[in-house]
Peer 1: 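One structure, as structure tokens, below. Some questions next.
Just so you know, ligand 1 is whichever comes first in the structure, and atom 1 is the first atom listed for that ligand. Numbers here are sequence positions counted from 1.
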Amino acid sequence: MISRSTIQKVNDAADLLDVVGSFIKLKKRGANYLGNCPFHNEKTPSFTVSASKGIYKCFGCGKAGNVITFVQEHEKLSYPEAITWLAKRYHIEIEETQQSNAEKEQRLVEESLRIVNNFATAYFQENLTTTEGEAIGLSYFRERGFRKETIEKFQLGYCPEAREDLPAKALEKGYQKDLLVKAGLVYERNNQLGAIYAGRVTFPIHNQSGRVIGFGA
Ligand code: ZN
């Protein structure tokens with residue numbers, strides 16, 4: 001865990017205007033700065049930064065927060081990752097507090113689940129472009145009126161009817177069986193592994209920082 005004093009130092013050093021300004025062009029408007037929002041598409045700037053208050057707000061999409069939430073959202077990072085990102089930028093040494101074994105274990109599991117969920121997202125997306133995926137999955141999305149951009153944006157996918165395919169590909173890549181089961185992607189029956197969502201369209205479920213934490217079908 002990152003120590004409290006490191007977080008405090010990062011909070012003190014991090015300059016919202018500097019950070020936002022490195023991603024988008026800002027113009028001074030009265031007491032605030034204004035630019036095109038990095039979180040939604042716009043031609044007329046509605047993204048406002050108050051340097052004195054250290055907060056931003058977009059009057060187009062409603063996103064608002066401080067320098068840490070900006071880094072989290074913009075770079076798709078967790079809170080500790082955003083702190084690390086800012087610490088690097090402002091040359092602050094990160095001091096870690098001792099982690100218990102249980103905490104370390106928990107972190108490891110979370111990280112492994114994140115990686116395996118990313119693998120599954122890519123796998124489902126790929127399978128939407130196969131003959132089977134197009135015939136069943138893509139045609140279903142089209143009937144529902146989903147456009148190509150929507151399908152891509154929401155990372156929609158398809159899990160092939162051949163149940164053994166996903167576990168086989170995952171094991172081949174070195175992912176452990178237990179992890180696949182824990183992630184809710186694969187079941188085990190009579191020593192055989194099968195994909196839970198076989199023959200169904202899939203959509204990833206994201207957490208607040210935009211990460212895939214599971215799937216729906
Ligand atoms: Zn916006």
Peer 1: Tell me yes or no: between the side chains of Asp165 and Tyr123, is some donor less than 3.5 Å from an acceptor?
Peer 2: yes
Peer 1: Does a donor on one side chain sit under 3.5 Å from an acceptor on the other, for Arg144 and Tyr140?
Peer 2: yes
Peer 1: Tell me whether the rings of Phe23 and His74 are parallel (<30°), tilted (30 to 60°) or perpendicular (>60°).
Peer 2: tilted
Peer 1: Any luck finding a side-chain donor-acceptor pair between Glu110 and Gln106 under 3.5 Å?
Peer 2: yes
Peer 1: Around the Zn ion (ligand 1), list the protein N/O/S atoms within a radius below 2.8 Å, excluding water molecules.
Peer 2: Cys37 SG, His40 ND1, Cys58 SG, Cys61 SG
Peer 1: Take the angle between the ring planes of Phe124 and Tyr197 and call it parallel below 30°, perpendicular above 60°, tilted in between.
Peer 2: perpendicular
Peer 1: State, without any angle test, whether Asn101 and Glu105 hold a side-chain donor-acceptor pair at a distance under 3.5 Å.
Peer 2: no
